[in-house]
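Presented below is the structure to which this report refers.
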Amino acid sequence: MQFDFRKYHIRSINAVDDAERAAINQELKDLYASLSDSDKADFNEQLQTFLAREMGRIKSDYESVKGGLSNTDN
């Protein structure tokens, strides 16, 4: 089974308030609770991969912006 974490991530980013963000998180929790043990293992593995990839992307974006800001200080 393939999980689309990006869909939840984008929805959470665009949430209008904390209540909507909490509802999105609850959807994920409900989905997880409905899974079999083997699907839960797949879910966890795919989530870890997604989070690692996103953190890497954010770090790269941050370093690009930080580097660009440093160049404007000269």
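For reference, positions follow the sequence shown, starting with 1.
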Could I get the full list of side-chain contact (heavy atoms from CB on, under 4.5 Å) partners for Gln26, not counting sequence neighbours?
-> Lys29, Asp30
Sequence neighbours left out, cut at 3.5 Å: what donor-acceptor pairs do the side chains of residues 10-17 make with other protein atoms?
| residue | atom | partner | partner atom | Å |
| --- | --- | --- | --- | --- |
| Arg11 | NH1 | Glu27 | OE1 | 3.1 |
| Arg11 | NH2 | Glu27 | OE2 | 2.7 |
| Asn14 | ND2 | Ile10 | O | 3.1 |
| Asp17 | OD1 | Ala19 | N | 3.2 |
| Asp17 | OD1 | Glu20 | N | 2.8 |

Separation between OH of Tyr8 and CD1 of Ile24, rounded to the nearest 0.5 Å | 9.5 Å
Set of salt bridge (charged side-chain N to carboxylate O under 4.0 Å, His left out) partners for Asp4, sequence neighbours left out | none
By side-chain contact (heavy atoms from CB on, under 4.5 Å), which residues pair with Ser34, not counting sequence neighbours?
-> Leu31
What's the shortest heavy-atom distance between Leu35 and Lys40, and which atoms?
-> O-CE, 3.4 Å
Would you please name every residue forming a salt bridge (charged side-chain N to carboxylate O under 4.0 Å, His left out) with Arg6, sequence neighbours left out?
-> Glu54
Report the residues that fulfil side-chain hydrogen bond (donor to acceptor under 3.5 Å, both in side chains) with Asp37, sequence neighbours left out, ordered by chain and then residue number.
-> none
Nearest-0.5 Å distance that lies between atom CG in Leu47 and atom CG in Asp42 | 12.5 Å
Is a side-chain donor or acceptor of Ser64 paired with a backbone partner of Ser60 at a separation under 3.5 angstrom?
-> yes
The complete set of ring pair (Phe, Tyr, Trp, His ring centres under 6.0 Å) pairs with one or both residues in residues 18-46, sequence neighbours excluded, reads Phe3-Phe43, Phe5-Phe43, Tyr32-Phe43
Gap separating the CZ atom of Arg53 from the CD1 atom of Ile58, nearest 0.5 angstrom | 12.0 Å
